[in-house]
Amino acid sequence: MTAAALDGKKAAAEIKAELRERVAALAGRGVVPGLGTILVGDDPGSKWYVAGKHRDCAEVGIESIRVDLPTETTQEELEAEIDRLNADPACTGYIVQLPLPKHIDTDRVIERIDPSKDADGLHPTNLGRLVLNANDPIVTPLPCTPRGVIELLRRNDISLNGKHVLVIGRGVTVGRSIGPLLTRRENNATVTLTHTGTPDIGVLAREADVIVSAAGVAGIVRPEWVKPGAAVLDVGVSRVEDPETGKSKVAGDVDPGVWDVAAWVSPNPGGVGPMTRALLLENVVEQAERLNPAV
Ligand SMILES: Nc1nc(=O)c2c([nH]1)NC[C@@H]1CN(c3ccc(C(=O)N[C@@H](CCC(=O)O)C(=O)O)cc3)C=[N+]21
């Protein structure tokens with residue numbers, strides 16, 4: 001069997017086209033959503049990601065507000081910028097690009113974000129509401145990557161209803177926050193969360209209809225781990241040396257042999273990454289709609 005690709009670029013383009021229309025409807029009511037980014041330091045990778053978010057905003061007609069701060073920025077200076085965006089009416093939602101320099105207390109920074117402006121959906125209040133409101137309509141920003149995974153499946157007509165989803169990795173941005181979304185009644189999946197303390201992930205993975213791997217370990221998902229016909233979503237990002245060029249390149253969690261066993265695989269790059277970016281925009285547009293309902 002050769003798996004079909006879960007094309008994240010295509011699904012993200014569809015979402016952006018829909019968002020352009022929603023942004024136009026908001027503009028008709030005099031509302032322009034704004035996404036802010038705060039970047040501390042000059043890590044080339046982080047700069048590249050932030051630049052991409054501003055390009056995405058331009059594409060759908062969202063205003064973008066960019067705050068770039070030097071590596072030496074103190075906790076107090078960073079918190080002052082957060083307070084400024086919390087108070088800025090042009091900023092509908094914003095993100096603080098992670099990771100932050102080591103001298104910064106990341107948890108304190110995230111907790112200072114106004115939960116209603118938390119475009120990443122990672123503020124404790126929003127994660128808490130996601131756990132508490134298992135079945136009520138969602139009225140808070142949701143974590144972008146988990147939402148991107150579910151949206152990528154939905155847009156490829158892969159139902160989660162009654163399916164067994166195995167998640168690899170217990171990080172907050174994906175592994176630990178995707179369970180409460182997958183188990184909402186509207187998705188209705190059954191979830192196994194595995195991590196570095198799981199004695200034998202493979203034996204559990206072989207039972208799964210869907211594997212979501214967010215381990216950040218290149219090639220951890222082996223073909224022998226995958227039930228024939230399963231869907232495999234590759235969320236991992238790690239760097240490996242290219243044997244041909246000797247240069248470092250981005251690698252996913254999924255071994256290439258998995259494509260011979262699974263029915264669907266999300267490529268990496270070109271899979272969940274573009275979805276994460278599209279859902280960040282959707283979080284901001286949704287928040288603008290909640291604040292400015294059509295009458
Ligand atoms: N506050 C915060 N929120 C984040 O969402 C956040 C963050 N900090 N820090 C870093 C990680 C990483 N991340 C990616 C998102 C999209 C791609 C992506 O679109 N990747 C492309 C390839 C690279 C590209 O084209 O730019 C792909 O997978 O096809 C990658 C990485 C978000 N992050």
Side-chain angles (χ1 to χ4, degrees), residues 5-13 15-16 35-60 64-69 78 81-82 85 91 93-101 104-115 117-124 126-127 141-149 151-152 169 171-178 212-216 218 232-239 248-254 265-284:
L6 294 170
D7 186 344
K9 278 195 209 161
K10 178 164 164 263
I15 293 171
K16 285 195 261 185
L35 172 69
T37 62
I38 300 182
L39 172 65
V40 184
D42 49 16
D43 174 70
S46 296
K47 274 179 152 166
W48 173 252
Y49 288 142
V50 168
K53 284 162 189 164
H54 290 269
R55 277 198 305 277
D56 293 342
C57 285
E59 252 183 77
V60 305
S64 58
I65 302 159
R66 182 168 181 162
V67 181
D68 289 355
L69 303 170
L78 177 53
E81 291 298 330
I82 292 188
L85 288 183
C91 176
Y94 65 99
I95 65 145
V96 179
Q97 182 71 21
L98 302 175
L100 288 165
I104 301 281
D105 181 339
T106 300
D107 288 348
R108 253 175 70 200
V109 167
I110 291 175
E111 292 200 23
R112 201 164 178 110
I113 297 172
D114 177 340
K117 292 196 175 194
D118 165 34
D120 270 329
L122 295 176
H123 187 283
N126 292 325
L127 287 176
L142 294 173
C144 299
T145 304
R147 216 180 158 184
V149 165
E151 209 40 45
L152 186 56
V172 176
T173 51
V174 188
R176 215 133 29 95
S177 57
I178 198 170
V212 177
S213 189
V232 180
L233 288 105
D234 189 351
V235 189
V237 181
S238 45
R239 294 211 148 256
S248 104
K249 62 168 191 178
V250 171
D253 283 357
V254 174
V265 179
S266 78
N268 189 353
V272 176
M275 296 300 288
T276 297
R277 283 163 56 172
L279 273 300
L280 176 70
L281 302 177
E282 183 151 5
N283 268 347
V284 173

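Counting starts at 1 for both ligands and their atoms, in listed order. Count residues from 1 along the sequence. Side chains included, hydrogens not; waters and symmetry mates left out as well; all remaining heavy atoms used.
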Straight-line distance of L78 CG to R112 CZ, nearest 0.5 Å: 9.5 Å

Residues in side-chain hydrogen bond (donor to acceptor under 3.5 Å, both in side chains) contact with S266, at least two apart in sequence or another chain: none

Side-chain heavy atoms of L127 within contact of P143, under 4.5 Å: yes

Nearest heavy-atom neighbours spanning R277 and G52: NH2-O, 3.7 Å

Taking every non-hydrogen atom, the tightest pair across C144 and L279: O-CB, 3.8 Å

Distance-minimising heavy-atom pair for D118 and H123: OD2-N, 2.8 Å

Atom-level proximity to ligand 1, residues with heavy atom under 4.0 Å: W48, Y49, K53, V96, Q97, L98, D120, P269, G270, G273, P274, R277

